[in-house]
Amino acid sequence: MIQLSHLPLHQKLRRILFLSAGSALLVAWLSFAITSVVKLHEETNQRVKTLAQVTSFNSQAALTFDDIKETTNVLSSLRSDPNIIYACIIRASGSVFAEWHQSSSTHSKTVCADKSDNRGQWFTQRLHIKEPIYLEEELIGYLHIDVNMMPLWLTLAMYLGGLALLLLFALLLAALLGLRVGKHLTEPILSLATMAEVVSAQKNYSLRAMGSGTDEIGHLVDRFNEMLANIEQRDTELKLHREGLEQLVVQRTRELSIAKDAAEAASRAKSQFLATMSHEIRTPMNGILGMSELLLGTVLDARQRRYVETVHGSGESLLLIINDILDFSKIEAGRLVLESADFSPRTVIQDVESLLSEQAHRRGLVLTNRIDPDVPAMMNGDASRLRQILLNLVGNALKFTEQGHVNISVQRQKHTKSSLLFKVTDTGIGIKPEVQTQLFQPFIQADSSHTRRFGGTGLGLAIVKQLVELMGGSITIQSELGQGSCFQFVVSLQPASENPIENTLSIVAQQSLRTSWQGAHILLAEDTPTNQDVMKAMLHVLGCDVDIVANGQQALDVLINSHYDLVLMDCQMPEMDGFEATTRYREHEKIHRLARIPIVAVTASVLSDERAACLASGMDDVLAKPFKRKELAAMLERWLKKPLIK
């Protein structure tokens, strides 16, 4: 049912009249009906009771002298009441003495029996009266009378029904009269509402509503007209001010539009610059790191190995700087997403120690770790970002420590089961108190001279702070100038989703399948000769046969005429890029109903838009440059793994 407040005024008035008048008439009808039922019940009982008493008195002598005929004559006197249908007299001993029927048709249906009196019952179809017969205070028998109540109830029901119809007619008449009279109330209000709608729609405040007398509605109309007059006067004043401001607003809007376009152009240029820089720097970095990794796998003397390790380490350091710049850009844009996988905190710390131990040894420092026994063996989170945080903090500690040691420690955070507290402590130069509050801001270092003496971009700690907060934690510093520093941070991790034993078995199972790609026929689409040599050498070491093409058009031609198990497709190539080549070949597969060949994008871009474009063009996976041989092996395992033969 629609709420009353949502209805138009005339419908509200109609419903109010019906509800109020109807409720009053209904209460009156119910009161009259209840009174009539009670009165009918009482009058019938009283009338039958009187007849029963008179009849029992007249039957005393006949019953005493066993005069059945006289008794029957006495009972037949009840014929004067048409509702009495049967009567009988039973001796005190229980035997039937005499009986009488109003009609011979009911003779066979009524049996004289010593039934109980039911005159106290309401709405009974047959009223039964049991009246004792005394002679000089001695009980000599009982008079039983049956009264048919149905004609009385039907008469009362018809009477009440007629009354209900009369009241309904009165309700309709009152509603019609009320609506006609109510028009004098609703029409001025509706007229005022219509005027308000016109004013609101046309914004014409010179209109006025017609007056409606001196009552409250007339007062309302006068106040409405007064309000319109005030608004009209205000609009006139505002128009004068607006004419002077419009030109200024147009000028400011033009300036803001130019500034907005410039900011958007700068943002697009920045994104394009980052994408270009990522591609142009990571492509040669792939050659440097890939070639040095391959060279480290050959037989070298001690001096040669040291030279190659220096080149490889320098390349990785340069890659860390590039990653810092790109990570900071992602964090600024809110596009950095954490991964979630099971990992070992102990392994992460040991990896950090292993990667930086050579740097510590060269500086004559001791790099140690302390892992509390209560730290879980496996947890769930982003292990690579945790490793990045520790590498940055430990790398800074080694950079600013000239003698002594650097320690990495981890323990379970008190009162929690999934938070870990990490500490990186050093015996370095320390940090001034006034600098500590600004240390986690971008491009800030402990002293301007440190940039020249120690190097660095000043982005590392800003990225560390953002990563720690993304992992649900916080980072603080305690430092004393000349005495060293202690960086401590808390990260919130989740319990491992799998059993460590099962993880170990999974790794063993994967290692047992590493030979599943042996002899795979792979097509490499790469335009840079250095990267061609690096990837070809890595694939040969992994036991794969490789064919190389220099652009997307060549790749498309070869794929149409030959079969390959996997395609490594560079995205940025001359003549035809990897996106178009992949899209065209997927259409060729679909037309000729060929089996789908896995195509993996090999790109130097790390932006999520590029990854999405790769997948949208029909590529199955993305391998980011520069990559290590184990990352290439993992990709081969993912796409060339053969099912175990049972």
Side-chain angles (χ1 to χ4, degrees), residues 313 316-317 320 324 343-379 381-416 418-433 435-436 439-440 445-447 450 453-456 458-469 471 473-493:
E316 288 187 334
S317 298
L320 288 176
D324 280 350
F343 71 95
S344 168
R346 180 182 297 273
T347 301
V348 171
I349 292 177
Q350 291 174 348
D351 288 347
V352 172
E353 185 178 7
S354 175
L355 289 170
L356 298 178
S357 59
E358 177 62 26
Q359 179 181 345
H361 179 72
R362 290 198 305 267
R363 296 180 61 85
L365 303 174
V366 178
L367 179 59
T368 60
N369 71 72
R370 183 175 60 84
I371 303 174
D372 279 7
D374 61 346
V375 174
M378 297 292 294
M379 301 198 76
D382 195 330
S384 62
R385 292 302 180 183
L386 179 60
R387 185 181 295 107
Q388 180 180 352
I389 294 170
L390 291 172
L391 283 172
N392 200 304
L393 294 178
V394 177
N396 280 348
L398 293 174
K399 185 191 301 184
F400 294 102
T401 301
E402 297 179 348
Q403 60 181 359
H405 68 273
V406 175
N407 177 261
I408 312 170
S409 67
V410 59
Q411 65 188 54
R412 178 175 286 183
Q413 181 75 345
K414 294 181 179 179
H415 310 301
T416 62
S418 58
S419 296
L420 297 181
L421 172 63
F422 292 85
K423 293 183 180 180
V424 177
T425 307
D426 64 65
T427 57
I429 61 176
I431 303 173
K432 296 178 181 179
V435 178
Q436 294 181 21
L439 197 59
F440 295 103
Q445 290 193 334
D447 190 88
H450 294 159
R453 181 180 175 188
F454 298 103
L459 288 175
L461 291 179
I463 295 173
V464 164
K465 181 176 183 295
Q466 296 290 337
L467 289 177
V468 169
E469 291 177 351
M471 298 176 76
S474 60
I475 184 170
T476 58
I477 178 177
Q478 296 177 352
S479 180
E480 185 176 349
L481 198 61
Q483 300 297 320
S485 305
C486 176
F487 286 85
Q488 62 180 22
F489 65 93
V490 177
V491 292
S492 178
L493 304 172

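Along the sequence shown, the residues carry numbers beginning at 1.
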Asker: Taking all non-hydrogen atoms of both residues, which atom of L420 and which atom of M379 are closest, and how far apart?
Answerer: CD1-SD, 3.6 Å
Asker: How close do V424 and A397 get, counting heavy atoms only, and between which atoms?
Answerer: CG1-CB, 4.2 Å
Asker: Looking only at non-hydrogen atoms, find the nearest pair between L398 and A360 and report the distance.
Answerer: CD2-CB, 3.8 Å
Asker: Ignoring hydrogens and angles, tell me if any N or O in the side chain of T427 forms a donor-acceptor pair with the backbone of H405 under 3.5 Å.
Answerer: yes
Asker: So which of D351, V410, N369, V352 actually passes side-chain contact (heavy atoms from CB on, under 4.5 Å) with L390?
Answerer: V352
Asker: Atom CG in N392, atom NZ in K465: separation rounded to 0.5 Å?
Answerer: 14.5 Å
Asker: Tell me, do V491 and F422 make a side-chain contact under 4.5 Å, heavy atoms counted?
Answerer: yes
Asker: Taking all non-hydrogen atoms of both residues into account, name the closest pair between P345 and P376 and its distance.
Answerer: CD-O, 3.8 Å
Asker: What's the separation between atom CG in L365 and atom CD in E402, rounded to the nearest 0.5 Å?
Answerer: 9.5 Å
Asker: Do Q359 and R362 pass the side-chain hydrogen bond (donor to acceptor under 3.5 Å, both in side chains) test, and can you show the C-alpha distance, the side-chain angles, and the key distance before you say yes or no?
Answerer: CA-CA 5 Å; Q359 179 181 345; R362 290 198 305 267; 5.2 Å; no
Asker: Tell me the closest heavy-atom pair linking F343 and G381, and the distance in Å.
Answerer: CE2-N, 3.6 Å
Asker: Rounded to the nearest 0.5 Å, what separates atom CG in L481 from atom NZ in K432?
Answerer: 7.0 Å
Asker: To the nearest 0.5 Å, what is the distance between CZ (R385) and CG (L391)?
Answerer: 12.0 Å
Asker: Within the 4.5 Å heavy-atom criterion, are F489 and L386 side-chain neighbours or not?
Answerer: yes
Asker: Side chains of L461 and F487, heavy atoms from C-beta outward: is any pair under 4.5 Å?
Answerer: yes
Asker: Donor-acceptor check, side chain of S418 to backbone of L493, threshold 3.5 angstrom: yes or no?
Answerer: yes
Asker: Answer yes or no: is there a side-chain heavy-atom contact under 4.5 Å between R370 and D372?
Answerer: yes
Asker: Under a 4.5 Å cut-off applied to non-hydrogen side-chain atoms, are R363 and T401 in contact?
Answerer: no
Asker: Could you grab the distance from atom CD of E469 to atom CD1 of I475, nearest 0.5 Å is fine?
Answerer: 9.5 Å
Asker: With rounding to the nearest 0.5 angstrom, report the CD to CD distance, Q488 to Q411.
Answerer: 9.0 Å
Asker: Of the non-hydrogen atoms in S474 and V468, which two are nearest, and what is the gap between them?
Answerer: N-CG1, 3.3 Å
Asker: Are the side chain of S479 and the backbone of G484 linked by a donor-acceptor contact shorter than 3.5 Å?
Answerer: yes
